[in-house]
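Counting begins at 1 with the first residue of the sequence.
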Amino acid sequence: MSGQTLSTRAPSMGAHYAVQLPAPDDFAFWRDRARALVQCEVLPDSVSWIEPGGTGDLFAQDGASGLIECLPVPERDARPARASKRFLSLARNVALHSDPERFALLYRLLWRLQSNPRMMEDKTDLDVRRVEELDKSVRRDSHKMHAFVRFRQVEDGAGPEGKDEHYVAWFEPDHHIVRANAGFFMRRFANMNWSILTPRGCLHWDGETMRESGPAQRSDAPDGDPVEELWKSYYASIFNPARLKVGAMLSEMPKKYWKNMPEAALIHDLIAGAQAREANMVAAGTRKARERPDSLAELAQAARNCRDCPIADCGTRAVMGEGAQHAPLMIVGEQPGDQEDLAGRPFVGPAGQFLDAALAQSGIDRSAAYVTNAVKHFKFVQRGKRRIHQTPTAKEIDTCRWWLENERAIVKPRIILALGASAARGLLGKTVSLKAARGAPIMLEDKAELWVTAHPAYLLRLDGEARAEQAALFAADLAKVQARLNALS
Ligand code: URA
């Protein structure tokens, strides 16, 4: 940061203040200075907001430390500046826009909010409309970054601290969004060494720490590598010709990003061959339907090779259900956890132990039930040595549904107990609210009764009264299932 000071001067009439921002995306710095200026009643026209490298710093200059702000300091008892939550959340995002006028616009809005606290609700106000436009454009840019950053592997040993396997991506954002999105990429690619190079600054992650560096050029990033071939074949396999809408695809994936995306090279051929592929998919679907395995053992064998979604590459193995082949009760969880993935069996970790105790208390014999999950692979992110559970997306649950349906077709349970919303989605093919679905059975098309309750892992995350309350509801749900099992036997 440049050396900046606040003077203890009171605001002087007719003065013009210059605020030098240390970085173009420094919302916190802008917020602190803007609050103080509002408290000192400095008019919006009397402030210039200057970005690094920007011009307009005509008011004060100190050769050694950079610009010195001669900003007034509010009196101790000055009324605090008021800002609605809506304004602050927009301002945080708008500060990342590349429009040089953004900070002035935000200050003008903050100033006006002091006399009109509901101003953000006025959709006809030009400042409000402009700030909403800028916000939208920043969000869109972040979305594009999440979707279109493509890593390429660079030479072994070139990674931070000489680590092998270093992945580098090139991206050209429209706005100053790189730092704000560091957390997203850190969580998503937690156990990789990667760098994202951009003309607005770069991020480097080595699995433990994030480092920033200055702007890069396109020529600093590699062009292609073996991962690219994998990525292309993955894209070609998930590309769904039946859903092809060329217009929508072009607006979602503007051509500007294509040059960084290996799969873009396939787009022309994929579109051209879309009809033929759709026909093939229909045929493959029919084939798949006819090839339903007859036994749980065959099903488990086939699941080992499943690569229908990206989670299949996580974890150690597909964890299929276990229990009696024709159990009257099927219990369905979300997905195997860390311990289930290692053991290759469902519900053996902490959630499983909680479930076992609750089943025993309600008189349900787990060994007479078939226990399985909606998703067969463990989805997680690596944090250091720990594998942290990630909730599967609706699409992943739907993709895995084929396995659950086959388990149901073989076991033919009379009663199914879904533990949590993911399990309910896996059984119903649509999202239901737990609150609405629990307490009474839902009849499935094969006449099985579906009972929905909370997931034991959810109960384990609660404490004290909340846990006791939820545990009582859980026990009540199990008691109803037990009563139905008794009635049907
Ligand atoms: N949570 C689940 O949903 N399933 C398991 O098998 C273990 C934990």
Side-chain angles (χ1 to χ4, degrees), residues 96 140-239 249 252-267 270 307 309-315 377 379-384 387-388 390 393 395-396:
L96 310 181
R140 191 170 162 77
D141 204 28
S142 292
H143 171 72
K144 298 289 177 225
M145 186 174 179
H146 295 179
F148 301 140
V149 156
R150 294 285 179 270
F151 289 102
R152 273 128 173 145
Q153 191 169 5
V154 295
E155 282 188 5
D156 287 357
E161 290 159 27
K163 283 187 188 161
D164 290 347
E165 296 192 351
H166 180 207
Y167 296 87
V168 179
W170 171 252
F171 187 72
E172 290 170 45
D174 290 333
H175 305 298
H176 304 288
I177 57 164
V178 177
R179 187 180 291 128
N181 283 292
F184 172 87
F185 288 97
M186 188 184 79
R187 285 188 294 278
R188 189 153 198 196
F189 302 106
N191 52 355
M192 276 168 56
N193 293 315
W194 54 257
S195 297
I196 300 178
L197 310 186
T198 92
R200 294 179 186 272
C202 306
L203 299 171
H204 310 272
W205 172 252
D206 64 4
E208 278 167 20
T209 47
M210 184 72 75
R211 196 169 54 78
E212 294 177 9
S213 63
Q217 295 178 357
R218 176 75 188 89
S219 56
D220 297 331
D223 264 336
D225 77 310
V227 177
E228 195 149 301
E229 290 311 311
L230 270 180
W231 180 245
K232 279 194 208 162
S233 57
Y234 170 71
Y235 184 75
S237 71
I238 59 159
F239 178 83
M249 184 165 152
E252 267 311 298
M253 198 198 280
K255 282 196 167 165
K256 149 178 175 187
Y257 301 103
W258 287 22
K259 59 184 182 299
N260 303 323
M261 299 169 60
E263 68 271 33
L266 297 172
I267 290 173
L270 287 172
R307 290 290 175 274
C309 77
I311 318 181
D313 292 324
C314 292
H377 281 93
K379 181 179 179 186
F380 64 91
V381 284
Q382 190 85 37
R383 297 261 160 76
R387 303 192 297 172
I388 310 291
Q390 297 263 283
T393 62
K395 200 165 167 197
E396 286 157 352

Q.
Quick check for you: to the nearest 0.5 Å, what is the distance between Q390 atom CD and R187 atom CZ?
A. 9.0 Å
Q: Indicate yes or no for a side-chain donor-acceptor contact from D206 to the backbone of T209 under 3.5 Å, with no hydrogens or angles considered.
A: yes
Q: Show your reasoning for whether side-chain contact (heavy atoms from CB on, under 4.5 Å) applies to F185 and I196.
A: CA-CA 9 Å; F185 288 97; I196 300 178; 3.6 Å; yes
Q) Does any non-hydrogen side-chain atom of S195 lie less than 4.5 Å from one of W170? A) no
Q) Given the rule in the side-chain contact (heavy atoms from CB on, under 4.5 Å) test, do F380 and I388 qualify, once you have shown the distances and angles that lead to the verdict? A) CA-CA 5 Å; F380 64 91; I388 310 291; 5.7 Å; no
Q) Between the main-chain N or O of H176 and the side-chain N or O of R179, is there a donor-acceptor pair closer than 3.5 Å? A) no
Q. Roughly how far apart are R188 CZ and N181 CG, rounded to 0.5 Å?
A. 11.5 Å
**Q.** R200 side chain vs D174 backbone, donor-acceptor pair below 3.5 Å
**A.** yes
Q.
Nearest 0.5 Å, please: how far is CE in M186 from CH2 in W205?
A. 5.0 Å
Q) Just how far is it from atom CG of N193 to atom NE2 of H204, taken to the nearest 0.5 Å? A) 12.0 Å
(Q) Given 3.5 Å as the limit, does a donor-acceptor pair link the side chain of D220 with the main chain of A216, or not? (A) no
Q | Short side-chain to backbone donor-acceptor contact, W194 and H166, under 3.5 Å | A | no
**Q.** Pair H175-D141, side-chain contact (heavy atoms from CB on, under 4.5 Å): steps then yes or no
**A.** CA-CA 7 Å; H175 305 298; D141 204 28; 3.7 Å; yes
**Q.** CZ-OH distance between R150 and Y167, expressed to the nearest 0.5 angstrom
**A.** 15.0 Å
**Q.** Step-by-step side-chain contact (heavy atoms from CB on, under 4.5 Å) determination, L197 to E172
**A.** CA-CA 8 Å; L197 310 186; E172 290 170 45; over 6 Å; no
Q | Ring-ring centroid check F189 F151, cutoff 6.0 Å | A | yes
Q | Where P173 and P199 come nearest, the two heavy atoms and their spacing | A | CD-CD, 4.1 Å
